[in-house]
Amino acid sequence: MKLFMLKSIGIAALMFISVLAGMQLANDGIHRMKGYDDPNFQKTITINDKGNDFHASVLGNQMTSYDIETKKKKLEEMNAFNLFSSMGKKMSDGISGASKKLVESISK
């Protein structure tokens, strides 16, 4: 019986150490995949503020406030219809109304 318990504890300890090692390997892999260790991406954003106009460098691409304003206006003009958003709003309104009626009927 003692030998069985000793084997069980040994296997549990080995599994625990394996899980910890696997988590550490996964964390290292995620950091490598995201490029945290890449020296080219260490300093990705630089902003030079000159009055109301600013210039930014993001991952080597130069951007100005004019570019950002142009993109913002374009997005506002698009104002695309989002089917899932409208369906979610209608569904939440329906569920809220049904639950409100249910609570009112129970409280009477």
Side-chain angles (χ1 to χ4, degrees):
M1 186 68 175
K2 287 185 180 185
L3 183 62
F4 177 72
M5 282 182 43
L6 186 61
K7 286 182 181 179
S8 299
I9 291 173
I11 290 173
L14 182 65
M15 290 174 65
F16 180 72
I17 291 170
S18 299
V19 167
L20 290 178
M23 289 173 63
Q24 183 63 40
L25 286 172
N27 188 27
D28 293 342
I30 289 172
H31 282 282
R32 276 195 313 269
M33 184 173 59
K34 287 186 176 181
Y36 290 132
D37 297 332
D38 192 352
N40 295 330
F41 295 117
Q42 291 297 322
K43 189 173 183 182
T44 56
I45 299 175
T46 56
I47 297 177
N48 301 322
D49 189 9
K50 297 176 182 174
N52 292 335
D53 191 26
F54 70 90
H55 302 278
S57 174
V58 179
L59 295 176
N61 297 328
Q62 296 292 328
M63 297 181 70
T64 63
S65 60
Y66 175 74
D67 295 336
I68 294 173
E69 290 297 323
T70 306
K71 289 180 182 182
K72 184 177 178 182
K73 287 179 183 176
K74 184 177 178 182
L75 286 173
E76 288 174 356
E77 288 173 1
M78 286 174 42
N79 199 7
F81 174 73
N82 190 346
L83 176 66
F84 294 111
S85 176
S86 64
M87 284 175 39
K89 287 178 185 177
K90 289 179 182 177
M91 185 183 297
S92 67
D93 290 341
I95 292 172
S96 297
S99 61
K100 185 177 179 180
K101 288 180 182 178
L102 180 66
V103 169
E104 288 175 357
S105 66
I106 291 174
S107 64
K108 288 183 181 181

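These figures come from a predicted structure and were not determined experimentally.
- Here the CD1-OG distance, from Ile11 to Ser18, works out to 11.5 Å after rounding to the nearest 0.5 Å.
- Annotation: the span from Ile106 atom CD1 to Glu104 atom CD amounts to 11.0 Å, rounded to 0.5 Å.
- Put simply, the side chain of Ile95 reaches to within 4.5 Å of the side chain of Met91, judged on heavy atoms.
- In this structure, Ile30 CD1 and Leu25 CG are separated by 11.5 Å, a value rounded to the nearest 0.5 Å.
- Gln24 places a side-chain heavy atom less than 4.5 Å from the side chain of Asp28.
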